[in-house]
Amino acid sequence: MRGCVFEVREFCVHDGPGIRTAVFFKGCPLRCRWCQNPEGLSFEPELLVNNRPCQGCGVCRKCCPSPGRCIACGRCAAYCPAGKRKIAGQFIEAEELAVRLLRDREFLTRSGGGVTFSGGEPLAQPEFLFELSDHLRSVHQVVETSGFAPEPVYREMLRKIDLIYQGLKCADPARHRELTGQDNWTILRNLELLKASGKPFVIRIPVIPACNTDEANLAACAELLRGAKQLQQVELLPYNPAAPAKYSSVGREFPLHPEKFPDVHYRNLEAVFRSRGLPCTVL
């Protein structure tokens, strides 16, 4: 089974316990307006062009096998003397990737870590994810997911994965659709499956000023988590101001206006959850 990934990042310490290797799956069914990984939205490899000065040498045009229609072959990236170009995403066999990841098995295990599947959305490539997971049974596994996945896929993920990091962005369906392009019915259904599964999990809430930081939304999110015995932590993820700079490299426009964001008082946000008996921290 082949899948498409756009990064394998080693020595990660914020994506699960211990030291971990994170595999970033390419492709996502949501279009969150604040997405920090625009290169992870498409399900196919794509050309990234950074903002380094161009030397005007024309090498990229001369070596291109498909002028006027990029096929993400990578030839221009290989020959560009300024290093302006690279390909985000590659197809790889599950077994081949597993062999690469298991080279660090002893080190990861000794640190109490393992492998984390992130994205994009790993549940959007379920066959690849599950075959890869089967090859990695000897290491601790984490999935970072939005929860937007068909129920059979989500149930199978719960069966295979050791620890789940699930996103929770907005409680109101209409507002969720406005911010992400999809309503949250599927996500909330899967959240109930997660709460009933007995699997340990962490909830991650991106803190996006003027989008989902109002007390009413956070209180509604907190109510959704009441009675979740296996909830280890609610993590509030501050907005990353570096995110907009990545959009131009993939030919997209960042849809928010962070320069207009109001100040956020994180202690007040934490208090919404802690006052309801839920462990909460800001990353």
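Note that this is a predicted model, so its numbers are computed, not measured. For the single chain, residues carry numbers from 1 onward in sequence order.
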Could you go step by step and tell me if E235 and I205 meet the side chain to side chain contact (heavy atoms under 4.5 Å, CB included) rule? CA-CA 6 Å; E235 295 182 349; I205 300 178; over 6 Å; no

Please report the C-alpha distance between L188 and L224 in whole Å, then the side-chain angles of each, then the deciding distance to 0.1 Å, and finally whether the side chain to side chain contact (heavy atoms under 4.5 Å, CB included) criterion is met. CA-CA 8 Å; L188 297 184; L224 290 170; 3.7 Å; yes

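Considering only residues two or more places apart in sequence or on other chains, Y165 meets the ring pair (Phe, Tyr, Trp, His ring centres under 6.0 Å) condition with none of them. For F128, the ring pair (Phe, Tyr, Trp, His ring centres under 6.0 Å) criterion is met by F25, not counting sequence neighbours.
Put simply, the side chain of R85 reaches to within 4.5 Å of the side chain of C60, judged on heavy atoms.
Here salt bridge (charged side-chain N to carboxylate O under 4.0 Å, His left out) pairs that include residues 120-134, with residues two or more places apart or in two chains, are D134-R137, D134-K160.
Annotation for Y79: atom OH does not count as buried by contact number, only 12 or fewer foreign heavy atoms lying within 6.0 Å.
Residue K246 forms a side chain to side chain donor-acceptor pair (under 3.5 Å) with just one option from N50, N37, N240, and that option is N37. Screening T116, I92, V5 against V23 for a side-chain contact (heavy atoms from CB on, under 4.5 Å) leaves a single residue, V5.
Between E270 and R267, no side-chain nitrogen of the basic residue sits less than 4.0 Å from a carboxylate oxygen of the acidic one, so the salt-bridge criterion is not met. Salt bridge absent: K26 and E44 never bring a charged side-chain N and a carboxylate O closer than 4.0 Å. Residues D183 and R177 are paired through a salt bridge, judged by an N-O separation under 4.0 Å between the basic side chain and the carboxylate. Using a 4.0 Å cut-off between charged side-chain N and carboxylate O, R189 and E192 make no salt bridge. Classification of E96 and R100 as a salt-bridged pair fails, no side-chain N sitting under 4.0 Å from a carboxylate O.
Pairing each heavy atom of L278 with each of A222, the nearest pair is CD1-O, 3.5 Å. Between L108 and I19, the shortest heavy-atom contact is CD2-O, 3.2 Å. When all heavy atoms are compared, the tightest approach of C211 to L179 is O-CD1, 3.7 Å. Counting all heavy atoms, side chain and backbone alike, D15 lies closest to V142 at O-CG1, 4.0 Å. Looking at every heavy atom in both residues, P53 comes nearest to A82 through O-CB, 3.8 Å.
Side-chain atoms of R31 come within 3.5 Å of backbone N or O of C28 as a donor-acceptor pair. In this structure, the side chain of N51 does not engage the main chain of S249 through any donor-acceptor pair within 3.5 Å. A donor-acceptor pair under 3.5 Å is formed between the side chain of R20 and the backbone N or O of H140. Proximity of a side-chain donor or acceptor of K199 to a complementary backbone N or O of I161 within less than 3.5 Å is detected.
Atom CG of L129 is separated from atom CD of E156 by 9.5 Å, given to the nearest 0.5 angstrom.
Between Y239 and F261, the ring planes lie perpendicular to each other; the angle is over 60°, past the 30° to 60° tilted range.
Between F11 and F107, the gap from one ring centroid to the other is short of 6.0 Å.
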